[in-house]
> 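Pasting a structure below so you can have a look.
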Protein chains: 2
Amino acid sequence: MEKIDKRANILEAAEKLFIELGYEATSTRQIAKDAAVNMAMINYYFGSKDGVFMEIMSQRIADFNAQLSCLDQGNMSGMEKLLKVIEGYTTRILSNPGFHKMMHRELSMPQRPEMFFKIKNSMAQNLMIIEKIITDGITEGSFRQVDVRMLIATIMGTISNVAISPSKITSGTTLDINNEEDRELITIRLIDHLKDLIITYLTPKNDT
Amino acid sequence: MEKIDKRANILEAAEKLFIELGYEATSTRQIAKDAAVNMAMINYYFGSKDGVFMEIMSQRIADFNAQLSCLDQGNMSGMEKLLKVIEGYTTRILSNPGFHKMMHRELSMPQRPEMFFKIKNSMAQNLMIIEKIITDGITEGSFRQVDVRMLIATIMGTISNVAISPSKITSGTTLDINNEEDRELITIRLIDHLKDLIITYLTPKNDT
DNA sequence: AGAAATTAATCAATCGATTGATTAATTTTG
DNA sequence: CAAAATTAATCAATCGATTGATTAATTTCT
């Protein structure tokens, strides 16, 4: 029988190569080879190399957004909401740092405008969720007055930095973000740090 | 007379294209065209496309390190030192966000190992400067006890995020990091934010 | 100084290799 | 048998690099 899903094979092999080599440096021949599939299958299933890329990105982004859209509910306090969202983002992004790396790379080369805007909009959407929570918190006085956009850059930037930068740099000399066990430890450590940072920074000072 | 420096022209045109399109997507033909130079001049002066890229990166990195290596001196307090370094980094990186973008892109594709390690080492060096300041501050009790590496990820990540992400996302709806005037405003805003954040986060709590 | 020799700079043309994509033929499946 | 899936072979286009020839500038020799 050995019925193999060639379509899925292509997606899997392509994602791995795109992450590793980037879009341009990845050839359709290499994708076909790694997927153990004839070259023409790529165009048969996805129309083009671009089609493969779009499919991968769209899937992951949709998946990402779906898992995060259900985080902001419930009658929690502003701080509880914010910490919950941060924890969700961190866990989600660090669960697949390779894809996050690829996404950022793509965002830094606005060559495929369609994909560029898809990523940008996805980010903007997530950003607005956080922005609303912080702004509301400031309005009702439970948060200090801060530069909201810059604070969001701090949150997102910290997560990205841990996900993308060579882990030997970020997390110390021993941990490797590409190792599953280490990644769990890094994730916990990052969440703890962000919580501590946000609580310390946003909690109003009790003046006399 | 009109003696033009073709070598410099090539470097300038190439950097612009590398930033905009990425290494792979930039053709030597386009570089030659934009530099108003014959194709063969690229190989004549730099040996190869890779040679051009290496030259650009090496120059910028050396320049960057030179400008920053002189920041950590003087008999300032730990906090003063740290804020000074952060201000220096921010100013320097935001003065050329395009290059920073390209550097991160390159760091996410370890295809040219030589360049990868050059960038990595440059970053590691800068990282160690900050780490020492923070660690010393913690030891002597002027800083709170925090996860140093993660805090560095926050500092670097925040700066990178502002430099790299589409500015409409980071800095609000009106500012554009590619506009010179806006960039100045963003730089000031980012420095203010980081100072506020770091001071708030690292200043020991005055318990009862 | 001036002719001769040497080096540096520049060019058009083209190389072989590789790219993404397509075709036409074949096999598998329902 | 007909539709879908798969293959090998091939397409034009583009890639980075190199060639041999030509011109401009510099150095050497007398």
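Sequence lines set the chain letters: A, B, ... in the order given, protein chains first and strands last, and positions in each chain run from 1.
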> What are the two closest non-hydrogen atoms of B/N38 and B/A32, and how far apart are they?
C-CB, 4.1 Å
> Less than 4.0 Å between a side-chain N and a carboxylate O, is that true for A/E55 and A/R7?
yes
> Are the side chain of B/D182 and the backbone N or O of B/D176 linked by a donor-acceptor pair below 3.5 Å?
yes
> How many Å lie between CG on B/N9 and P on C/dT10, as a whole number?
10 Å
> Strictly below 4.0 Å, heavy-atom distances to any atom of DNA chain D: list the hits from residues 46-59 of chain B, or just say none.
B/S48, B/K49
> Quick one: do the A/D34 and A/Q30 side chains pair a donor with an acceptor below 3.5 Å?
yes
> Please report the closest heavy-atom contact between A/R183 and A/L94, naming both atoms and the distance.
CD-O, 2.9 Å
> Quickly work out the A/N43 CG to C/dT23 P distance and round it to whole Å.
11 Å
> With a 3.5 angstrom cut-off on both distances, give the Watson-Crick or G-U wobble partner of D/dT22, or none if there isn't one.
C/dA9
> Residues of residues 15-22 of chain B with any non-hydrogen atom less than 4.0 angstrom from an atom of DNA chain C: list those, numerically ordered, please.
none
> With ring-ring contact (aromatic ring centres under 6.0 Å, His included) as the rule and sequence neighbours excluded, what pairs involving residues 79-107 of chain A come up?
A/H100-A/H104
> Would A/D50 and A/Y23 satisfy side chain to side chain donor-acceptor pair (under 3.5 Å), going step by step from the backbone distance to the final call?
CA-CA 9 Å; A/D50 220 73; A/Y23 178 83; 2.9 Å; yes
> Between P on D/dC15 and OH on B/Y23, what's the gap in Å once rounded to a whole number?
13 Å
> Please state how far atom CG in A/D5 lies from atom C1' in D/dA4, giving the value in whole angstrom units.
15 Å
> Would you kindly say whether A/S48 and A/N43 are connected by a side-chain donor-acceptor distance under 3.5 Å?
no
> Of the residues in residues 26-34 of chain B, which ones touch DNA chain D at a heavy-atom distance under 4.0 Å?
B/T26, B/S27, B/T28, B/R29
> What is the distance, to the nearest angstrom, from the CD atom on A/E24 to the C1' atom on D/dT14?
13 Å
> Hey, are the side chains of A/T26 and A/E15 touching, using non-hydrogen atoms and a 4.5 Å cut-off?
no
> Any side-chain heavy atom of A/T91 within less than 4.5 Å of one from A/S95?
no
> Detail all sub-3.5 Å separations between protein N/O atoms and N/O atoms belonging to nucleotides 7-9 of chain D.
residue	atom	partner	partner atom	Å
D/dT7	OP1	A/K6	NZ	3.2
D/dT7	OP2	A/K6	NZ	3.4
D/dT7	OP2	A/N38	N	3.4
D/dA8	OP2	A/N38	ND2	3.2
D/dA8	N7	A/N38	ND2	3.3

> A/F64 ring centre to A/R92 NZ or CZ under 6.0 Å, with the angle to the axis within 45°?
no
> With B/F143, which residues qualify under ring pair (Phe, Tyr, Trp, His ring centres under 6.0 Å), at least two apart?
none
> Could you tell me whether A/R144 sits above the aromatic face of A/Y201, with NZ or CZ closer than 6.0 angstrom to the six-membered ring centre and within 45 degrees of the axis?
yes
